[in-house]
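Below is one structure, written out as structure tokens; the observations come after it.
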Protein chains: 2
Amino acid sequence: MVKIADGIMDEMSACSDQPASLASALQRGALFAANCPSRTVFKHVTSLWGVLVLIVLLAGTHRFSEIRRKVNGVSEKMLAQTLQNLEADGFVLRKVYPVVPPHVEYTLTALGEETARHVYALAELIERSYPQIAALQNAQQAGASASR
Amino acid sequence: MVKIADGIMDEMSACSDQPASLASALQRGALFAANCPSRTVFKHVTSLWGVLVLIVLLAGTHRFSEIRRKVNGVSEKMLAQTLQNLEADGFVLRKVYPVVPPHVEYTLTALGEETARHVYALAELIERSYPQIAALQNAQQAGASASR
DNA sequence: GTAAGTACGTACAAAAAGGTGAGTGTCATG
DNA sequence: CATGACACTCACCTTTTTGTACGTACTTAC
């Protein structure tokens, strides 16, 4: 087994509730402790809509309704919320042109692009291996129905 | 801007509801279409508990309560559910020893290890860049309160 | 003049996720 | 002899997330 996870493991006990002395630990995040702010950021990028938006924006700047058309099934409300979160976290840049039919453009920041590439790699891996997964699930289902 | 997202973009219109002729397209997943099964798998690995469990298991085989102790804040119910999902998707292997105090071990499969490495890379990136993100959010908050 | 597009905000309702506390059966420890 | 550990499961409840439908302010197209 790999041992690369030991580093992040040591941060587990960080991120407690004491306000004064542990401020730097809090700043660093520490995904493993409960009630940690970095968990929120993580949820923003790994939520389904967050992921899909990041992947769309990896192809270049888009307008609101362009994203909406590409990401099938997202409601306007959810898309607006997702984009606001990603903007607040510094992953996307929002540029408003004060013209009469509103025109807003969304672009990835440097951090957003790096994040999106990781997310994209993960999405691609799952897409690639989905046939195996589906086959496994069918096999398990068949086995379950055979055993009852 | 990068153009690597164009490949997955072409799959957007796949994954429709027709049962017969598009079975192979359905098998391939196509994360971008609505109501697609690969979205479910994706949600399993990118949910907060899913992520943390994968990272813990990257360090090696663990028992149920070991995982629970390492992943702060997870309830027994959620952990059981998460592990069942990951097992059904073929990311973790569950090995039961039929001994008198129950003994169950969880290990990553090959697919699970590959996935976990991607997830871990993403988590590490966010952890690393969290200080910047927090600083940005504080700056935005300060700007907002200054403007009102 | 009516519809549609643009980029959202808001109110309400539905659905999903998550927490809580109990119970299972056996054994080791105090 | 009572408690706790083990690995869960179940029923019930609360919280969070998400969807739906509508409104906005203005313009272009039919």
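Labels below follow one simple rule: chain letters A, B, ... track the order of the sequence lines, proteins then strands, and each chain is numbered from 1. Values below: all heavy atoms of this structure, side chains included; hydrogens, waters and symmetry mates excluded.
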Rounding to a whole Å, what distance do you find between [X]:[atom1] and [N]:[atom2]?
| X | N | atom1 | atom2 | result |
| --- | --- | --- | --- | --- |
| B:Phe64 | D:dA7 | CZ | C1' | 6 Å |
| A:His44 | D:dT17 | NE2 | P | 8 Å |
| B:Glu76 | D:dC10 | CD | C1' | 13 Å |
| B:Trp49 | D:dT16 | CH2 | C1' | 14 Å |
| A:Arg94 | C:dC8 | CZ | C1' | 8 Å |
| A:Leu48 | D:dT18 | CG | P | 9 Å |
| A:Arg39 | D:dT16 | CZ | P | 15 Å |
| A:Leu79 | C:dC8 | CG | P | 9 Å |

Would you please classify the geometry between the B:Phe64 ring and the B:Tyr106 ring as parallel, tilted or perpendicular, with 30° and 60° separating the classes?
tilted
Proximity to the side chain of [X] - top-ranked nucleotide from [options]:
| X | options | result |
| --- | --- | --- |
| B:Met78 | D:dC8, C:dC8, C:dG18 | C:dG18 |
| A:Val104 | D:dG19, C:dA7, C:dG18 | C:dA7 |
| B:Lys43 | C:dG19, C:dA17, D:dG19 | C:dA17 |
| B:Val100 | C:dT20, C:dC27, C:dA7 | C:dC27 |
| A:Pro102 | C:dC8, C:dG18, C:dT6 | C:dT6 |
| A:Ala80 | D:dA7, D:dG19, C:dC8 | C:dC8 |

When the nearest nucleotide of DNA chain D is assigned to A:Gln81 and to A:Pro101 on a heavy-atom basis, which residue is associated with the more 5' position?
A:Gln81
When we call it a touch if two heavy atoms are under 4.0 Å apart, what does [X] touch: a base, just sugar-phosphate, or nothing?
| X | value |
| --- | --- |
| A:Gln84 | sugar-phosphate |
| B:Tyr106 | sugar-phosphate |
| A:Arg68 | nothing |

Do the side-chain N or O atoms of B:Arg69 get closer than 4.0 angstrom to the phosphate oxygens (OP1, OP2) of D:dA5?
no
D:dC6 phosphate, OP1 or OP2, under 4.0 Å from B:Arg63 side-chain N/O:
no
Beyond-backbone contact of A:Asp89 with B:Gln137, side-chain heavy atoms, under 4.5 angstrom
yes
Mind listing the closest non-hydrogen atom pair of A:Val45 and A:Val51 along with its distance?
O-CG2, 3.2 Å
Toward the 5' end of DNA chain C, which comes first, A:Ser65 or A:Lys77, by nearest nucleotide?
A:Ser65
Using the side-chain hydrogen bond (donor to acceptor under 3.5 Å, both in side chains) criterion, which residues pair with A:Glu66? Sequence neighbours excluded.
none
Enter the distance from B:Thr109:OG1 to B:Glu114:CD here, rounded to the nearest 0.5 Å.
9.5 Å
Is a side-chain N or O of B:Ser129 found less than 3.5 angstrom from the main chain of B:Gln132, in a donor-acceptor match?
no
